[in-house]
Amino acid sequence: MTIYQLQCFIAVAEELNFSAAAARLFTTQPSITYQISALEKETGLHLFERTTRRTKLTPAGTAFYQDIKHIPDYYEASVQKAQLIQTSNHSRLVVGLRKLFDYQSMAKTITRFQKIYPDVVVDIVPQSNHRPLDELRSGKLDIGFFYDTEHSNAPDISFYPLFVMPYHVWMNPKNPLADRKELRLSDLKGQAVVTTDSFESYLYACRGPSLQELMRVGADVSRSVPSLEGALLEIQMNTGMAIIPCLEKAGVPGIARVKLVDFAPVQVEIGALHNSNRADVQMFIEVSKEYYENMMLESIQKR
């Protein structure tokens with residue numbers, strides 16, 4: 001299997017027309033047909049249904065497309081990154097960052113790291129919520145941040161616990177529950193709690209209480225949104241609330257947060273490929289571990 005074969009498949013899957021896919025890749029239709037046939041032969045998959053009128057993906061083809069559609073992008077990014085390192089006096093460290101991260105602590109971590117490695121440029125990029133481990137495996141990221149709910153067994157990746165984030169109920173300040181110091185799931189009876197079934201969503205990645213648990217306490221779970229932004233809009237309109245893990249200092253202006261005390265906090269971890277022998281990767285991990293350990297100790301001492 002080659003990158004070019006995947007590019008041909010992705011072009012046909014998105015255009016649903018072999019001639020249009022060929023024009024998109026500046027090649028001929030027979031060439032595209034040959035590459036798709038070779039790909040199907042190698043994988044044993046039947047990817048397209050073709051008639052004289054139309055081309056459509058088979059169910060297997062649809063699943064294959066969803067899983068591999070970003071691989072060519074990862075490949076190109078990895079090549080560009082390696083070329084930049086090869087031609088520059090500076091190396092680059094690409095760190096993925098999740099939504100609602102504590103940016104102040106990240107800035108302090110990077111500052112400490114660059115005192116040790118002043119010639120390393122740290123690039124901060126948004127981290128995917130769908131198959132986040134694949135970004136490390138593809139080389140798109142050198143380091144990522146993960147929730148312990150996102151992996152059960154990944155022997156090729158090393159994870160290092162950093163801190164725990166309690167779940168909070170995010171709501172409009174006008175909601176009567178906004179004045180409470182803490183909440184339990186049972187307090188959400190009759191409340192509209194927005195959820196999501198989108199793999200791409202931050203809400204899905206951070207895995208709060210399940211639909212069954214919310215329904216058991218009488219919460220209204222009829223509202224489903226595709227993204228965190230959708231949930232925040234529901235909250236701003238006072239038509240729903242959301243359950244989201246976050247540090248005490250994190251938040252969004254105009255939205256109230258109350259800690260959910262009877263649902264286990266989520267463990268946040270930093271991760272890198274197990275076989276990474278880059279000294280800058282290991283040092284960034286050590287600096288991060290030290291910083292968050294000190295931050296947690298200070299938080300405990302203030303209580």
Side-chain angles (χ1 to χ4, degrees), residues 70-71 73-165 202 205-206 245-250 265-300:
H70 295 304
I71 288 179
D73 294 333
Y74 294 157
Y75 170 77
E76 291 178 8
S78 298
V79 171
Q80 291 173 359
K81 174 182 167 185
Q83 289 172 337
L84 186 62
I85 291 173
Q86 182 172 281
T87 59
S88 172
N89 292 326
H90 293 74
S91 63
R92 306 187 81 85
L93 187 67
V94 183
V95 180
L97 206 58
R98 308 302 284 263
K99 290 185 178 181
L100 297 180
F101 205 89
D102 180 5
Y103 298 109
Q104 183 179 22
S105 65
M106 175 54 63
K108 291 180 178 178
T109 299
I110 294 173
T111 299
R112 294 186 181 190
F113 168 79
Q114 292 197 310
K115 287 181 179 178
I116 304 170
Y117 282 90
D119 292 332
V120 175
V121 177
V122 180
D123 286 338
I124 302 295
V125 300
Q127 190 169 336
S128 170
N129 295 308
H130 179 51
R131 297 183 181 275
L133 303 183
D134 289 350
E135 293 188 316
L136 286 179
R137 293 174 175 134
S138 69
K140 183 177 180 180
L141 297 181
D142 298 312
I143 291 172
F145 290 87
F146 306 91
Y147 307 118
D148 59 355
T149 54
E150 292 182 299
H151 63 87
S152 57
N153 182 27
D156 57 330
I157 297 174
S158 295
F159 299 96
Y160 306 89
L162 292 179
F163 56 89
V164 295
M165 287 197 302
Y202 175 82
C206 61
C246 63
L247 292 171
E248 299 294 340
K249 295 185 291 184
V266 62
Q267 174 75 57
V268 180
E269 302 171 336
I270 190 170
L273 287 179
H274 182 66
N275 61 359
S276 175
N277 56 5
R278 287 179 54 179
D280 55 351
V281 169
Q282 298 305 319
M283 182 53 67
F284 192 92
I285 290 172
E286 291 303 317
V287 169
S288 298
K289 288 165 57 181
E290 181 182 0
Y291 176 82
Y292 286 106
E293 182 179 350
N294 290 336
M295 186 179 76
M296 292 296 108
L297 287 174
E298 290 175 6
S299 176
I300 293 172

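Hydrogens, waters and symmetry mates are skipped; everything else that's a heavy atom, side chains included, is used. Throughout, numbering of the chain's residues begins at 1 and tracks the sequence.
Pairing each heavy atom of Y147 with each of A205, the nearest pair is CD1-O, 3.7 Å. Of all non-hydrogen atoms in V120 and Q114, the two that sit nearest each other are O-NE2, 2.8 Å. Shortest non-hydrogen contact noted between Q267 and P161 is NE2-CB, 3.4 Å. The minimum heavy-atom distance between P132 and R98, with the atom names listed, is CB-NH1, 4.3 Å. Listed here is the closest heavy atom pair of M165 and C246: SD-CA, 3.6 Å. The minimum heavy-atom distance between Q127 and G144, with the atom names listed, is OE1-CA, 3.7 Å.
From L133, atom CG reaches atom OG of S128 across 10.0 Å, with rounding to the nearest 0.5 Å. Considering CD1 of I270 and CD of E286, their distance stands at 9.5 Å, rounded to 0.5 Å. Expressed to the nearest 0.5 Å, how far NZ of K99 lies from SG of C206 amounts to 11.0 Å. To the nearest 0.5 angstrom, F145 atom CZ is 5.0 Å from S288 atom OG. To the nearest 0.5 angstrom, F113 atom CZ is 11.5 Å from M106 atom CE. Atom CG of L93 sits about 8.0 Å away from atom CD1 of I124, to the nearest 0.5 Å.
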- request: Kindly determine whether L97 and Y103 satisfy side chain to side chain contact (heavy atoms under 4.5 Å, CB included), including the steps that lead there.
  value: CA-CA 9 Å; L97 206 58; Y103 298 109; 3.6 Å; yes
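Under the 4.5 Å side-chain criterion, counting only non-hydrogen atoms from C-beta, D142 is not in contact with D280. Here the side chains of F284 and T109 are in contact, with some heavy-atom distance below 4.5 Å. Looking only at side-chain heavy atoms (C-beta outward), K289 and L162 come within less than 4.5 Å of each other. Contact check for R112 versus K115: no side-chain heavy atoms found under the 4.5 Å cut-off. The closest side-chain heavy-atom distance from V94 to K140 is not below 4.5 Å.
In this model, a donor atom of one side chain and an acceptor atom of the other lie less than 3.5 Å apart for Y292 and S105.
For F159, the CZ atom sits in a packed shell: over 12 heavy atoms of surrounding residues, nucleotides or ligands are nearer than 6.0 Å.
The only member of I143, V95, L273 that meets side-chain contact (heavy atoms from CB on, under 4.5 Å) when paired with V281 is I143.
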